[in-house]
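We count ligands from 1, going down the list as the structure has it; atoms in each ligand are counted the same way. All residue numbers in this chain count up from 1 along the given sequence.
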Amino acid sequence: MNEPEKRTLRAAVIGCGAIAEFCHIPGYQNHPAVSEVILCDPVEKILQETQRKFRIKKGYTDYKELLKKEMPQLVSICTPNHLHAKMVCAAARKGIHVLCEKPMALSLAEAERIRKALAMKRVKFMVSFSHRFEMMNMRAKEMLASGKIGQPFMIRIRFGHEGPYPGWAKTDWFYKKDQAGYGALMDMGIHAIDLARYLLGDIRGVVARTATLLKPIRLDDNALMILEFETKALGYIDVSWTSKPGFNGSEIYGSGGTLIVDYERGLQFFDGEKADWKRIPVRGEPGSWERQMKHFVDCVLKEDDPDPGFLDGLASLKVALAAAKSAAGGKFIRIDTRARSS
Ligand SMILES: NC(=O)c1ccc[n+]([C@@H]2O[C@H](COP(=O)([O-])OP(=O)(O)OC[C@H]3O[C@@H](n4cnc5c(N)ncnc54)[C@H](O)[C@@H]3O)[C@@H](O)[C@H]2O)c1
């Protein structure tokens, strides 16, 4: 029988909003190697409520003080987007392993600062591209790799809901340009970009259109992107903050078949040889967020590099920023997501 793992790691969660509550805090508390979770949020009410809910003793309102006094081995950055890069750098410079919510940064200059900070102490770094940990996407990737649909030539990804606030987020920062940077394009779009790259490989170009269609905000609430992959395959992404329930997931078309990952209805496969649709059973437990958290902590324990790491965060950021530029009036923008340093 295996020895139970010792609880040796102390984890901090900076930002006690929705994603911290549903993913990061329970993820650490459920991991057998984590001995303690420490919280930080400048809003006393949010901090105290979260401490109470998860029975957590230590809470700080200043992340710098937390990092200095507690020196945890792991930290999750779960704050509004504009704070990610500086918080990642502060933790990494102290030698603390970092799991950062998406997007890891809002500019390539910020990404470069992260790269330098990570290199200083050789810490582990992971970006929360949680769709990679959804079992249906993992199964679809295996099926693509084993040639089940032949040569994939087209992917469509759609993620839509009614918007992050109210209903999800604890504050309305998502709709403020100085905190979010971009709207639906960067929020859900960067998840979709990463998923497209995870499934079909590197992306060499993007053209995009964004719009504020229904919400009384100054950021985009809907975005469309057309992608070209290094394989020459094409892709399109539509993301929306104004959608009632509909399709969420992806469709991948290949020379020999089709894969449909429908987050509501499951994974389906059209086998071109047999001219037959099949439902592919996928075991769903634990959920993608729990699997993501386990992966990060396990990587730290085993001294493995987490996947998705910095280069994946950088590649998707490059595509999203290029898409935003294209949407603002540019033409087709050539980029290289294969680069190993920016
Ligand atoms: N991976 C996913 O599926 C997923 C889902 C939702 C959100 N996110 C990402 O998670 C991040 C947080 O989003 P959310 O939905 O939890 O928002 P939220 O508004 O619910 O939470 C943000 C929290 O950060 C706190 N905060 C603000 N400034 C801070 C500071 N200086 N120090 C510490 N805390 C601070 C706020 O008080 C708030 O409690 C965003 O980057 C978002 O893109 C990821």
Side-chain angles (χ1 to χ4, degrees), residues 12-27 38-51 53-54 58-68 70 75-91 98-106 110 114 126-134 137 159-176 178-195 198 219 239 241 248 263 287-293 295-296 306 308 312-313 316-317 320:
V13 176
I14 301 180
C16 296
I19 196 67
E21 185 174 330
F22 289 104
C23 168
H24 295 256
I25 301 171
I38 306 152
L39 300 180
C40 171
D41 201 291
V43 181
E44 292 271 7
K45 187 170 177 284
I46 293 178
L47 178 64
Q48 284 164 15
E49 278 176 9
T50 316
Q51 283 184 258
K53 179 166 182 187
F54 291 94
K58 289 184 189 161
Y60 288 77
T61 51
D62 178 350
Y63 78 98
K64 287 186 183 154
E65 195 188 339
L66 182 157
L67 295 179
K68 194 170 158 199
E70 299 289 342
V75 67
S76 280
I77 309 297
C78 302
T79 50
N81 299 344
H82 70 305
L83 299 169
H84 292 180
K86 77 171 182 183
M87 291 178 166
V88 170
C89 291
V98 185
L99 171 57
C100 183
E101 267 306 336
K102 39 53 67 174
M104 68 179 191
L106 285 173
E110 280 187 352
I114 292 179
M126 179 168 161
V127 185
S128 278
F129 284 133
S130 41
H131 292 266
R132 287 186 182 219
F133 294 88
E134 162 56 54
N137 291 329
F159 293 141
H161 55 52
E162 293 196 59
Y165 186 85
W168 164 263
K170 295 190 184 173
T171 52
D172 65 353
W173 67 268
F174 272 104
Y175 301 149
K176 295 181 175 163
D178 60 334
Q179 295 184 52
Y182 304 84
L185 180 143
M186 188 61 84
D187 175 35
M188 308 170 84
I190 201 156
H191 266 311
I193 291 164
D194 178 70
L195 181 60
Y198 169 74
L219 296 172
V239 287
W241 274 352
N248 271 282
Y263 280 17
S288 56
W289 283 336
E290 194 174 337
R291 204 172 290 114
Q292 165 190 279
M293 297 305 296
H295 176 72
F296 175 61
D312 300 297
S316 294
L317 181 66

Please find the pair of heavy atoms, one from [X] and one from [Y], that lie closest to each other, and give the distance.
| X | Y | value |
| --- | --- | --- |
| V127 | G313 | CG2-CA, 3.9 Å |
| P103 | I190 | CB-CD1, 3.9 Å |
| C16 | L39 | SG-CB, 3.8 Å |
| A12 | L66 | CB-CD2, 3.6 Å |

For ligand 1, note which part of [X] has a heavy atom under 4.0 Å away: side chain, backbone, both or neither.
| X | value |
| --- | --- |
| I46 | side chain |
| F174 | side chain |
| W173 | side chain |
| E101 | side chain |
| I19 | both |

Side chains of Q179 and L83 in contact at under 4.5 Å (non-hydrogen atoms): no

Side-chain heavy-atom pair H161, M188 within 4.5 angstrom cut-off: yes

Any atoms of ligand 1 less than 4.0 Å from a non-hydrogen atom of [X]? List them with their elements.
| X | value |
| --- | --- |
| H191 | 1 (N), 2 (C), 3 (O) |
| V43 | 37 (O) |
| S130 | 1 (N), 2 (C), 3 (O) |
| H84 | 41 (O) |
| M87 | 30 (C), 31 (N), 32 (N) |
| K170 | 18 (P), 19 (O), 20 (O) |
| W289 | 3 (O) |
| G15 | 24 (O), 33 (C), 34 (N) |

Which protein heavy atom lies closest to [atom], and at what distance to 0.1 Å?
| atom | result |
| --- | --- |
| atom 22 (C) of ligand 1 | C78 O, 3.8 Å |
| atom 19 (O) of ligand 1 | T171 OG1, 2.8 Å |
| atom 21 (O) of ligand 1 | G17 CA, 3.1 Å |
| atom 28 (N) of ligand 1 | L83 CD1, 3.4 Å |
| atom 24 (O) of ligand 1 | P80 CD, 3.5 Å |
| atom 15 (O) of ligand 1 | W168 NE1, 2.7 Å |
| atom 11 (C) of ligand 1 | T79 O, 3.5 Å |
| atom 38 (C) of ligand 1 | D41 OD2, 3.4 Å |

H191 and F159 aromatic ring geometry - parallel, tilted or perpendicular at 30°/60° bounds: perpendicular

Aromatic ring pairing Y175/W241, orientation class (parallel under 30°, perpendicular over 60°, tilted between): perpendicular

Distance-only side-chain donor-acceptor flag, Y60 / E70, under 3.5 Å: yes

Option set P42, P164, A169, criterion heavy-atom distance to atom 30 (C) of ligand 1, minimum: P42

Nearest-0.5 Å distance, NE2 of residue H84 to SG of residue C78: 7.5 Å

Nearest-0.5 Å distance that lies between atom CG in N81 and atom CE in M186: 8.0 Å

E21: partners by side-chain contact (heavy atoms from CB on, under 4.5 Å), with sequence neighbours left out: K53, F54, K170

Salt bridge (Lys or Arg N to Asp or Glu O under 4.0 Å) between D312 and R132, worked out: CA-CA 12 Å; D312 300 297; R132 287 186 182 219; 3.5 Å; yes

Contact check: Y63 vs ligand 1, nitrogen or oxygen atoms, below 3.5 angstrom: no

Aromatic ring proximity F296/H24, centre distance under 6.0 Å: no

